[in-house]
Structure formats: structure tokens, C-alpha cells
Amino acid sequence: MTAPHTLSADAVPAVTTAAEAGLVACPHCHLLCRDAAGDDPALRDRLRCPRCDGRLHPRKVASLSRTWALLIAAAILYIPANAFPVMRTSTLLSTQNDTILSGIIYFWTSGSPELAVLIFSVSIVIPLLKLVTLSFLAVSIHRSATTGTRPRAHLFRIVETVGRWSMLDVFVVALMVGLVHFQGLAVIQAGPGAAAFGAVVVLTMLAAHSFDPRMIWDRASAGPPATKQTPTGNRHG
Amino acid sequence: MADTPPDKNASPNQGAMPEPVVDHGRRWVPSLVWLIPLLAAVIGISLVVKTIWMRGPSITISFVTADGIEPNKTKVKYKDVDIGEVKGVSLTDDHSRVLVSVELTKDAKDFAVDDSRFWVVRPRFAETGVSGLNTLLSGSYIGVDAGHSDSQRKEFTGLEDPPVVASDVPGQRYVLHTDDIGSLAAGSPVFYKRIPVGHVERYTLDEDGRRITLRIFIKAPYDHFITKDSKFWHASGVDVRIDGSGLKVDTESLATILMGGIAFEDPPETPMTPAPAGSEFALAANHIDAMKAPEGYHVAVVMRFHQSIRGLLVGAPVDFRGVEIGNVTSLGIDYDPATQDFTSRVMVNIFPDRLQSFERSLPPESDRAARLERLSQLVAHGLRAQLKTGSILTGQLYVSLDFVKNPQPVQFNPATDPIELPTVPGDLEALYDQVQQIVAKLNKIPFDAIGENARKALASLDTATKHIDDLVQHADHDVLPEIRDSLKEMQQTLASTQASVAPDAPLQQDARQALKGVMDATRSLKALTDSLEREPESLVRGRKD
């Protein structure tokens with residue numbers, strides 16, 4: 001869809017997109033169809049792929065609002081994920097609740113700063129980065145930003161790639177819960193924070209998934225000559 | 001827009017481009033995606049609400065040291081149930097203490113009241129035993145003794161030692177006063193008839209530093225054995241005594257020998273009225289002291305002796321006609337610049353209550369002046385202090401108070417404080433004085449002159465003996481033969497006299513025959529009278545035969 005040449009982000013050449021060509025690709029079987037709906041919003045939701053009977057949308061449906069909803073949900077759950085213990089270690093003599101942060105502090109003070117840094121980046125920085133980055137992208141779409149399209153596209157890809165690694169913590173807890181279960185001696189249980197943290201990770205991934213990166217280019221490619229594209233972007237985004 | 005593009009770009013494929021199917025179905029319902037943040041918000045809020053709901057009061061406890069206390073790890077436990085957690089440890093402004101902030105759970109808010117007590121449970125090795133061993137592995141925790149007060153409180157001062165008795169144990173608390181703590185410590189047992197019935201809770205030095213105040217706890221139902229007349233004594237150690245009845249070893253239980261203890265007893269024949277909680281008692285050094293006459297208040301008296309007080313010890317008795325009415329409290333020596341001499345100063349405490357009859361003789365509300373007046377009368381009457389030997393074996397002395405015969409008048413100033421009692425030399429001292437006087441008198445005898453006179457007397461005696469000797473010789477020669485002759489004549493006279501009275505002399509024989517004749521006559525007369533007596537008619541009729 002974008003020009004394959006190396007170009008400066010701000011100087012996007014006038015390109016033809018499927019939407020401009022009056023075409024729409026089936027999101028399910030990638031069959032290229034004629035966009036019969038045109039500007040008719042009533043028809044827009046009723047188009048189906050002639051080959052696979054999937055719904056036809058030039059852009060992801062309600063992409064921005066879904067992204068926002070999931071982002072907000074993730075942001076809300078980010079607080080209990082860090083405030084509540086993710087792991088409850090009950091040994092013979094004492095019970096200990098560990099939050100993500102207390103685990104990081106433990107590793108830092110007990111002489112494993114590498115581990116502390118790893119867990120810090122994976123469990124705190126990355127989810128936060130995803131939240132902030134996706135919010136930034138969504139806001140830039142709202143503001144119809146035309147500049148910095150390529151860095152924003154890079155940013156989105158980074159978020160998408162890195163996001164799946166932030167389950168590390170939950171994964172460790174899940175492993176421990178399964179492995180350490182010497183009844184009476186030591187039992188490890190997942191705390192409420194673990195569920196919240198898992199939800200944060202899942203929600204941010206879903207948010208990234210529902211974000212349609214093509215919207216970044218919709219404004220840019222329309223550029224100065226094709227400002228009339230705005231309604232389309234709004235409707236689909 | 002849909003019209004223009006096919007003209008330009010899509011024309012080659014236009015025919016092949018499939019038309020989408022138009023669905024005449026449902027309209028897209030309003031996006032349900034916003035339910036997700038709503039749900040997240042509900043979850044988040046419910047978690048927060050739950051946390052706030054579960055959150056109990058936050059309190060601050062100050063300790064001397066935070067040894068073993070870790071934020072977010074150290075628990076607060078009551079009867080081994082977690083009721084809170086340490087959230088932070090900080091120093092006070094002057095760095096003298098540690099402030100431990102504790103978050104209690106919701107159902108533990110009753111613990112944040114005025115009389116709750118907090119302490120750190122850590123391994124302890126005290127005289128009274130080992131405690132808190134489980135914390136060696138699990139780490140220290142903060143123990144609580146639940147208070148019963150209604151007033152809430154946020155700041156507490158932590159105890160350094162665990163309280164000996166939890167506040168929910170029924171029983172009573174009492175106060176003991178003593179001079180000597182001995183081997184007692186917090187936790188030392190209290191015995192009644194050798195049954196452990198309580199503990200020493202804590203002890204404090206009085207503000208003036210003279211006495212020690214012990215607080216003891218007696219468990220119910222034993223607390224009603226504490227009566228107003230109860231006597232307390234140190235049950236620590238072994239009491240060995242040698243007295244008139246032989247060797248006597250007295251101990252409480254073995255445990256008290258190791259770690260000390262207190263025993264109490266009611267004197268026989270006292271009413272068993274329980275003492276109210278908080279009553280104060282004196283703690284005696286041993287059973288005998290405890291059962292002694294009551295000490296009551298004491299009067300300090302000073303005595304000055306002009307003799308050695310070697311053998312007099314602190315604690316030695318002050319004896320009044322065999323009754324111990326006080327003790328020596330200190331010994332010292334004073335220099336008197338006027339006489340350039342040293343006097344021994346003996347401080348004693350007298351317990352006037354032990355002289356009950358004396359006390360009773362005073363008007364009931366008599367004051368110090370009246371007592372001193374009475375005392376000066378006694379001194380005028382001859383009351384004196386004297387050092388006497390208590391034991392010839394050990395040479396120990398005691399102070400004896402008594403009236404001396406023919407007392408020398410002394411100056412007694414009752415206004416001095418402490419009162420000074422006049423003294424007289426002790427018995428040994430008096431003996432020594434007498435011996436000295438005799439020796440001095442002996443010294444005055446002129447043995448030299450006496451010897452010379454004696455020698456002269458002996459010489460004259462010698463000559464006198466010689467004279468006597470001559471005299472005797474002279475007597476032998478002249479006087480004795482004459483005496484011998486006269487004796488011989490006397491012998492002859494005696495012999496002739498003897499002959500005249502010999503048994504066979506004719507005079508004698510004649511007399512004998514005459515007597516015989518008389519005797520025969522008497523006998524026949526007797527026979528006659530007898531027969532007449534038997535047969536008086538024979539006198540008329542004659543003898544019947």
C-alpha cells in the first residue's frame with residue numbers, strides 16, 4: 001500500500017490506495033472486490049464477500065473506539081496489577097505476598113540487578129510503553145496528523161512485536177503455582193495482581209490488534225490534495 | 001468517487017472485479033467493546049474497595065531497636081493469628097527510638113486501644129527460660145496483648161520484654177517493696193505452699209534509688225489467699241542455719257534455687273480477708289524475717305563507741321533484753337579534733353513498732369517530740385548502748401540496749417538528727433578496764449622494800465630458832481628425869497588401888513554371896529505369889545495335889 005522507495009516520512013508521494021480506487025479487499029480471504037457502498041453509509045455495513053461471505057470493510061470496523069476501550073480497560077487494570085500481590089508464598093513458617101515491584105526490589109537488593117532490570121522492563125515498562133504508545137497513535141489519528149507517519153508505523157510494529165513478551169511474569173507465576181505445591185511445606189498461589197496483570201497484557205495486545213495501522217497513512221497519503229478523505233477515515237477509524 | 005477511479009486505474013480489471021454481495025441483514029448494533037473498560041473499571045474499583053474495606057487502623061509503635069523487624073514481612077500476631085503487618089520502619093527525630101508503622105487488619109481494630117501492649121517476639125534466653133525459639137526460623141514478629149479499653153489510640157510504646165502475664169488471664173496484681181532484688185527477675189514465680197501461683201511481672205527502682213518496687217501477678221483462684229497480713233519473702237536459694245535444734249536446710253522448689261522466686265504465707269490465726277488488688281507488701285529476705293514482728297517505720301539512731309568495733313557487721317542486731325529491735329546499717333569512724341581521738345560511729349535503725357508496749361504507753365497521737373521526751377527520760381534512767389559479744393567463737397558483736405546500774409549522767413540532746421544514744425563500754429571493755437585497774441594497783445606495791453624486810457625478818461627468825469634449840473636441850477637434861485620419877489610413883493599408887501578392887505578379892509566374894517541369898521529369897525516369894533494368884537482358895541483350904 002505504501003511506496004516501497006525510501007522516502008522521507010513527510011514527503012509521501014501521491015499514491016493510489018484501494019479505497020481511492022473504489023476497491024475493497026476482503027479481510028478474511030483477501031479477495032479484491034469493487035467497493036459498492038461508496039459514500040452510502042447504509043450500504044457500508046451490509047456488504048459481504050462474494051467468495052467467503054465475510055463482511056467487507058475497507059478498514060477495521062470501529063478500530064479507534066475499540067482500541068480506546070481496550071486501552072482504557074488496560075490502564076485501569078494496570079493499577080491493581082502493580083498494587084496487588086501477584087504471588088503468595090506460604091511456607092511452613094510464614095506467608096509472604098509479593099507484588100511485581102517487591103519482586104524487582106528483592107532481585108535488585110539480593111544481587112541480581114540483571115534479573116531486576118529484566119522483570120522491570122518486561123512487567124512494568126513494556127505494558128506502560130504499550131499503553132502510552134497506542135494512546136499516542138490513537139490521538140495522532142484523531143488529530144489527523146500528517147507528519148511522522150513512518151516513525152509512527154515503526155512504533156506500532158515495535159509495540160505489536162514486543163507486546164507478547166510482557167506475559168513473562170504471569171508465565172513465571174503460573175509455572176511456580178504448578179510446580180511448588182508441597183502441601184504443608186510450601187505453597188505458591190497466584191494473587192489478584194496476577195490476574196490483573198494478565199488482563200493488562202491481553203487487553204493491550206487486543207488493543208494493538210484492533211488498531212488499524214492503515215489509518216496512519218490514510219491522512220498522509222491523502223495529503224494536501226485529498227483532504228476530502230477525512231470523512232472516510234473518521235467513519236472507519 | 002466510486003465513479004472516477006474505474007476510469008483511470010481499474011479499467012483493465014473492471015470486468016473481472018467481483019461485486020460484493022449486499023446483505024440485507026441486521027444493522028450493526030452499538031459497539032459492545034466499551035463493556036470491556038467498564039468491566040475493567042468495575043474489577044479495579046471492586047479491588048480497591050475491597051482493599052480499603054479490609055484495611056484496619058494504622059498504628060505506630062516505638063521500640064528501642066528494630067532488630068528483626070522488616071517492612072512488609074514482619075507480622076503482628078495475637079495468639080498466633082496474623083492481625084497486621086509492619087509497613088514501615090523509621091527513626092524518631094532524635095534517633096533514640098525506632099518507629100514501626102503497622103497496618104492492622106479490619107477485624108483487628110479492637111487492638112488499637114489504649115491499654116494494648118506490643119512487643120517483639122524474638123528468641124530470648126532469660127533466667128526464667130527460653131522463649132520464642134520458633135522465631136529463629138520464621139523471623140521475629142510483633143506480639144500483642146489485647147487491651148480492654150474503649151478509647152482508640154494510634155501511637156504505642158512497645159515493650160522491650162514480653163509481658164509475663166497476658167491481660168486476659170484472671171487474677172490480681174500486687175506491689176512488693178524490697179531492699180534487695182536478689183535473683184528475682186521478671187517472670188520469677190510466686191509460690192504459695194510451694195505451688196506456683198503467680199509471677200513477678202516487672203520491677204522498678206524507686207525514684208530515690210533506695211528501694212525496689214516489684215509488681216507481681218497472682219492467678220485466680222489463688223489471689224484470694226493474699227490477705228492483708230500476708231508475708232512475702234525471697235524463696236531463692238538455700239537457707240542453711242545452725243541453731244539450737246541442729247542443722248536446718250530450708251529451700252523452696254528446686255526451680256527457685258536456680259532462678260529465684262517469691263513465697264508468701266499468712267501468719268496463723270489471722271483473718272483470711274482477701275487484700276484488694278494493688279495492695280502493697282514488704283518483701284523479706286527469708287521466711288524467718290518475714291514472720292518476725294512487723295518492722296513498721298524505722299528511726300535512725302547513731303551511737304559512738306570509744307573502742308574497737310571489730311566484729312560488728314552491718315546487719316548486726318540491736319538487742320533490747322533479748323528482743324531484736326533494730327539493725328546496724330552502717331559503720332564508720334569519726335575524728336574528734338577536740339580530743340585528738342577517733343570514735344567509732346555506728347548507725348542503726350530501730351523499729352519502734354517492735355516495742356509495742358512502749359508504743360502503747362504513749363498517747364495515741366503522740367508526735368516526735370513526745371517520743372523524744374520519753375526517750376530522754378529513759379536515757380536519764382540509764383538507757384545505754386553497749387557492744388556485746390554475740391559469739392565467742394566468731395567474735396561477732398551486737399549492740400545491746402539496756403539500763404545500766406548507777407549510770408553516769410550524760411548529755412542527751414534529743415534535737416539532733418539522727419538521734420545520738422549514749423554508750424557505755426562493752427562487757428569485755430569493762431573487764432579490761434578492771435584488770436587494768438588491778439594491775440595499776442599492783443604496780444604501786446613496793447615489792448623491793450618488802451623483799452628487804454622479809455630478808456631481815458628471816459635472819460632474826462634464824463637466831464630465834466637457835467635460842468629455841470638451846471632451850472629444848474636444856475629441858476632434856478634437867479626437867480625430864482624429874483617428870484619420869486613422879487610418873488613411876490603414880491604408877492605404883494594405881495597398882496595398889498587396882499588390887500583392892502580385883503574380882504578375886506575377898507571383899508568382892510562376900511558381897512557376891514550376900515547378893516545370891518537375896519536373889520533366892522526373891523524367887524521363892526515370887527512362886528508363892530504366883531500360886532496364890534492361881535488358887536487364892538488354897539490360902540484357906542491348902543494346896544490341892
**Prompt:** How long is the gap from CD1 on A/I76 to CG on B/L47, to the nearest 0.5 Å?
**Reply:** 12.0 Å
**Item:** CD1-CG distance between B/I36 and A/L71, expressed to the nearest 0.5 angstrom
**Value:** 11.5 Å
Does [atom1] in [X] sit with more than 12 non-hydrogen atoms of other residues, nucleotides or ligands closer than 6.0 Å?
| X | atom1 | answer |
| --- | --- | --- |
| B/R153 | CZ | yes |
| B/W119 | CH2 | yes |
| B/K50 | NZ | no |

**Message:** Under the ring-ring contact (aromatic ring centres under 6.0 Å, His included) definition, can you give me all pairs with a residue in residues 63-96 of chain B, not counting sequence neighbours?
**Reply:** B/Y78-B/F111
**Prompt:** What residues form a side chain to side chain donor-acceptor pair (under 3.5 Å) with B/R173, not counting sequence neighbours?
**Reply:** B/E201
Write down the atom of [X], the atom of [Y], and the distance for their closest heavy-atom approach.
| X | Y | value |
| --- | --- | --- |
| B/V48 | A/F84 | N-CZ, 4.5 Å |
| A/P80 | B/G44 | CG-CA, 4.4 Å |
| B/P37 | A/A73 | CA-CB, 3.4 Å |

**Prompt:** With a 4.5 angstrom heavy-atom cut-off, which part of A/L31 approaches chain B: side chain, backbone, both or neither?
**Reply:** side chain
